Asks: 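Quick one: this structure, given as structure tokens, is what I'll be asking you about.
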Amino acid sequence: MLTEFETEVLKMLRQIPVGRVTTYKNLACAVKRPQSARAVGNALNKNPDIPKVPCHRVVASDGYLGGYACGARKKTELLKDEGVLVKNGRIVDFKNIIYNFAD
DNA sequence: CTATTGACGACAT
DNA sequence: CATGTCGCCAATA
């Protein structure tokens, strides 16, 4: 059973368009918890994963991949498959493909 | 209730 | 740009 916080996070996560990524901080902001970037990451870790929620579209605020339950390498592949290029563990043109819920 | 942990972030050096 | 420290939040032991 998921907590409200997790549910909220996952819900927002589903809004991210293909070919775009968001950050833990940004996502935290989206759930009205600007300081809980860490907690957000924790939530994604427990998340049902795959078909339900594209948790691989969430990266660190620096444009780096951050982590992934199935392995950072897998995350890179998934992103690449959606058109998001990654170079040395870092998102290419990060600022250009980052998705802000505030928009 | 307290302590520990973790897919983080900001800042200082 | 690289490394180290501190702060933050939610879940779990």
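Letters A, B, ... are given to chains in the order of the sequence lines, protein chains preceding strands, and every chain is numbered from 1. Values in this document were obtained by computation on a predicted structure and should not be read as measured data.
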Asks: With a cut-off of 3.5 Å and sequence neighbours excluded, list every side-chain donor-acceptor pair involving residues 58-74 of chain A.
Replies:
residue	atom	partner	partner atom	Å
A:Arg73	NH1	A:Glu77	OE2	2.4
A:Arg73	NH2	A:Glu77	OE2	2.6

Asks: Quick one: are A:His56 and A:Leu79 in side-chain contact, heavy atoms under 4.5 Å?
Replies: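 Result yes, sub-4.5 Å side-chain heavy-atom pair found.
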
Asks: Using heavy atoms and a sub-4.0 Å distance, could you list which residues of residues 9-20 of chain A are near DNA chain B? By number, please.
Replies: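 DNA chain B contact set from residues 9-20 of chain A: none.
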
Asks: Using a strict heavy-atom distance below 4.0 Å, which residues from residues 88-96 of chain A are in contact with DNA chain B?
Replies: none

Asks: I'd like to know if the side chain of A:Asn47 reaches the main chain of A:Leu44, judged simply by a donor and an acceptor atom lying under 3.5 Å from each other, with no hydrogens or angles considered.
Replies: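 Such a contact is found between A:Asn47 side chain and A:Leu44 backbone.
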
Asks: Considering only distance and modelled atom types, tabulate donor-acceptor pairs under 3.5 Å from the side chains of residues 12-25 of chain A, sequence neighbours left out.
Replies:
residue	atom	partner	partner atom	Å
A:Arg20	NE	A:Ile97	O	3.4
A:Thr22	OG1	A:Tyr99	O	3.2
A:Thr23	OG1	A:Asn26	N	2.9
A:Tyr24	OH	A:Lys75	NZ	3.4

Asks: With the threshold set at 4.0 Å, does a side-chain nitrogen-carboxylate oxygen contact exist between A:Glu82 and A:Arg57?
Replies: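 Yes.
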
Asks: Under the salt bridge (charged side-chain N to carboxylate O under 4.0 Å, His left out) test, which residues partner A:Glu6, sequence neighbours left out?
Replies: A:Lys46

Asks: Taking heavy atoms of chain A and a 4.0 Å limit, find me the 5'-most and 3'-most nucleotide of DNA chain B within that range.
Replies: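 Listed 5' to 3', the contact boundaries are B:dG6 to B:dA10.
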
Asks: My understanding is that a hydrophobic cluster links ILVMFWY residues whose side chain heavy atoms are under 4.5 Å apart, including indirect links. Using that, what else belongs to the cluster containing A:Met1?
Replies: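 Other cluster members: none.
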
Asks: How does each nucleotide of nucleotides 1-12 of chain C score, in 5' to 3' order, for protein heavy atoms under 4.0 Å: base (B), sugar-phosphate only (S), or none (-)?
Replies: ------BBBSSS

Asks: Output every pair passing side chain to side chain donor-acceptor pair (under 3.5 Å) with a member in residues 88-98 of chain A, not counting sequence neighbours, ordered by first then second residue.
Replies: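 Residue pairs passing side chain to side chain donor-acceptor pair (under 3.5 Å), neighbours aside: none found.
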
Asks: Taking only residues two or more places apart in sequence or in another chain, which ones pass side-chain contact (heavy atoms from CB on, under 4.5 Å) with A:Pro34?
Replies: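 Per chain and number, A:Pro34 pairs via side-chain contact (heavy atoms from CB on, under 4.5 Å) with A:Cys29.
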
